[in-house]
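Chain A is the first sequence line, chain B the second, and so forth, proteins listed ahead of strands; every chain is numbered from 1.
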Amino acid sequence: MKNFIEELKWRGMLHDSMPTTEEHLLESMRSAYVGFDPTSDSLHIGNLVPIMLLAHFQRCGHQPIALVGGATGMIGDPSGKSSERNLLDEKTLRHNQEAIKAQLSHFLDFTSNADNAAVLVNNYDWMKDFSFLEFIRDIGKHISVNYMMAKDSVKNRIGSESKEGMSFTEFTYQLVQGYDFLHLYQNNNASIQMGGSDQWGNITTGTELIRRIGGGKGYAITCPLITKSDGSKFGKSEGGNVWLDAKRTSPYKFYQYWLNASDEDAEKYIKIFTFLEKATVDALITEHKEAPHMRLLQKRIGEEVTLLVHGKDAYENAIKASNILFGKSTASDLKSLDEQTFLDVFDGVPQATVTTTDIEEGLDMIGALAAKTNFLKSNGDARRALKENAISVNKEKVKDDFTISKEDLIADKYVLLQRGKKTYYLLKVE
RNA sequence: GGGGAGAUACUCAAGCGGCCAACGAGGACGGACUGUAACUCCGUUGACUAUGUCUUCGCAGGUUCGAAUCCUGCUCUCCCCA
């Protein structure tokens, strides 16, 4: 049995654990669970850390349990600034649960016959028939309000600086989550709950219940919350969350998110988000430091994580797309792309439509940039940009005397316009 | 209620009768450099049928050959005294 705690330590994934957790894990196979919020049908990379906790846990020979918080998701965890939750109907809940399981199965083995095959549970299943009266009698009785009030998640909300206050529902959250732990302890033999360091308070409420009601011992392991060296929030790009679902965040953008990590962050990420061995990671870091401009670390993280989440084809397309946007690709590279990949790459780029007649007559650059498309705000702006040598058609710099003709079409209907290095416009011919 | 100062482009801020599409700084964008980074350097930053024309300096009038600039009224902002 591999030492899970050791593994977490060198990866920088251990924030805190209860005393004797390590011994408990070394004794025999154990089961640990992590909760996921099913308010959406996709996880995002913010969920990746707890996922990796479970994945490493399984690789160390233990059994991971993924808990979908159908019940708790309705309440809203007061740790952090959750806004009011919408109630999910059961159909949506089940749909989300299946989608989440599909994503988790890239990291966890649900199907093997081994003892430590992963399990997915939904707390809605045991909470939905639990009446309020039963709950306050059987569970609430064992935990004092004083104990609950001492938690940071509660203190922060009822202190005098807090303007918001907190509803009874939110206050109850820790009890419900705590009960999950007790339930899994009794029914799934789960003795450990893992989560982000903000979950410590909620987890200990669970171990408290296990001690008082179950007469046993529960353990807690938390991991640090991931930060970025520039202070911005991990897992967000301009467009919002970076999702694991390719429909929400294209594999190309997903790959780019990792590639754009700073050197400092990359050293942390490669330990946390890949399964690479310590020796490999150390070698990579040394190599990276010798030639930081090669960005070996970022590329490797992007590769490992994209392969894991989206698979080989998607990863290769992401590389191809990256080379087209940032590498020295040519018009012929562009034309070799099939239409779907082309559209994926330029997803979100401003588009405009011109007629086939425009192209047949030869579309001049002023028309293509401003007069007919409004990509730039005036004809003068377009002239200026041309004079600055800033405009490319299909990745090749053009002057103001250039006209777009049939030969420039990609997949027979697109022309890629570009101002400077990063600003793209897509001209569609109909 | 009385007195004073002000309103200029994305922001700050010069200009106080012709040389003003309006100094300068920041931002933004582009070019060179670079690691799809940072820094640095250079350029662009009202519109257009463009060595020219048109529309802009709180709003509306007026004086003048000529107004961002002077005058009158209005709107708004800030400050001081009551």
Practice prompt. Could you list the residues that satisfy side chain to side chain contact (heavy atoms under 4.5 Å, CB included) with A:Lys387, not counting sequence neighbours?
Written response: none

Discussion item. In whole Å, measure the gap between the P atoms of B:C74 and B:G30 for me.
Written reply: 48 Å

Worksheet entry | Residues which pass ring-ring contact (aromatic ring centres under 6.0 Å, His included) with A:Phe36, listed by chain and number, not counting sequence neighbours | none

Worksheet item: For A:Arg11 and A:Glu7, what are the C-alpha separation, side-chain angles and deciding distance, and is it a salt bridge (charged side-chain N to carboxylate O under 4.0 Å, His left out)?
Response: CA-CA 6 Å; A:Arg11 289 185 186 275; A:Glu7 184 75 12; 2.9 Å; yes

Worksheet item: Which of residues 373-394 of chain A have a heavy atom under 4.0 Å from RNA chain B?
Response: A:Lys377, A:Ser378, A:Asn379, A:Gly380, A:Arg383, A:Arg384, A:Glu388, A:Asn389, A:Ala390

Worksheet item: Going by atom types only, do A:Glu339 and A:Tyr414 share a side-chain donor-acceptor pair under 3.5 Å?
Response: yes

Discussion item. Work out how far the P atom of B:G46 is from that of B:U11, and round it to whole angstrom.
Written reply: 14 Å

Worksheet item: In whole Å, what separates the P atom of B:G6 from that of B:C20?
Response: 24 Å

Return a table of donor-acceptor pairs under 3.5 angstrom between the side chains of residues 306-319 of chain A and protein atoms on other chains or two or more places apart.
unit_1   : atom_1 : unit_2   : atom_2 : d
A:Thr306 : OG1    : A:Gly302 : O      : 2.5
A:Lys312 : NZ     : A:Glu316 : OE2    : 3.2

Worksheet item: In whole Å, what separates the C1' atom of B:U69 from that of B:C78?
Response: 23 Å

Worksheet item: When we call it a touch if two heavy atoms are under 4.0 Å apart, what does A:Lys397 touch: a base, just sugar-phosphate, or nothing?
Response: sugar-phosphate

Worksheet item: Any idea how A:Phe171 and A:Phe168 line up, ring-wise: parallel (<30°), tilted (30 to 60°), or perpendicular (>60°)?
Response: tilted

Item to complete: Report yes or no: do A:Asp180 and A:Trp126 form a side-chain donor-acceptor pair below 3.5 Å?
Response: yes

Practice prompt. Output all residues satisfying ring-ring contact (aromatic ring centres under 6.0 Å, His included) with A:His62, sequence neighbours left out; order by chain, then residue number.
Written response: A:Phe57

Worksheet item: So, do A:Tyr269 and A:Leu297 sit near enough that their side-chain heavy atoms are less than 4.5 Å apart?
Response: no

Worksheet item: Can you pull the contact range of chain A along RNA chain B, 5' to 3', using atoms under 4.0 angstrom from its heavy atoms?
Response: B:C29 to B:A50

Discussion item. Just to be sure I understand the geometry, which residues of residues 252-271 of chain A put a non-hydrogen atom under 4.0 Å away from RNA chain B?
Written reply: A:Gln256, A:Leu259, A:Asn260, A:Asp263

Discussion item. Between B:U72 and B:G18, how many Å separate the two C1' atoms, rounded to a whole number?
Written reply: 24 Å

Worksheet, complete the sentence: By salt bridge (charged side-chain N to carboxylate O under 4.0 Å, His left out), A:Glu277 pairs with (sequence neighbours left out) none

Worksheet entry | Nearest-Å distance once atom C1' is located in both B:G58 and B:U75 | 8 Å

Worksheet entry | Bracket string, RNA chain B, 5' to 3' - pairs by Watson-Crick or G-U geometry under 3.5 Å, | interstrand | ((((((((.[[[..)..(.....]]]((((((.......))))))(((...)))...[[[[[..)....]]]]]))))))).

Item to complete: With sequence neighbours left out, write down each residue that passes ring-ring contact (aromatic ring centres under 6.0 Å, His included) with A:Tyr147, or none if nothing qualifies.
Response: none

Fill in: Under the ring-ring contact (aromatic ring centres under 6.0 Å, His included) test, residues paired with A:Tyr219 that sit two or more places apart
A:His24

Discussion item. According to salt bridge (charged side-chain N to carboxylate O under 4.0 Å, His left out), who are the partners of A:Arg248, at least two apart in sequence or on a separate chain?
Written reply: A:Asp41

Worksheet item: Do A:Ser378 and A:Asp381 get their side chains close enough for a donor-acceptor pair, meaning under 3.5 Å?
Response: no

Discussion item. Nearest heavy atom decides the nucleotide; on that basis, is A:Thr423 or A:Arg295 closer to the 5' end of RNA chain B?
Written reply: A:Thr423

Worksheet item: What distance, rounded to whole Å, do you find between the two P atoms, one in B:G3 and one in B:U8?
Response: 25 Å

Practice prompt. Take atom P in B:A13 and the same atom in B:C42, then report the distance between them in whole Å.
Written response: 26 Å

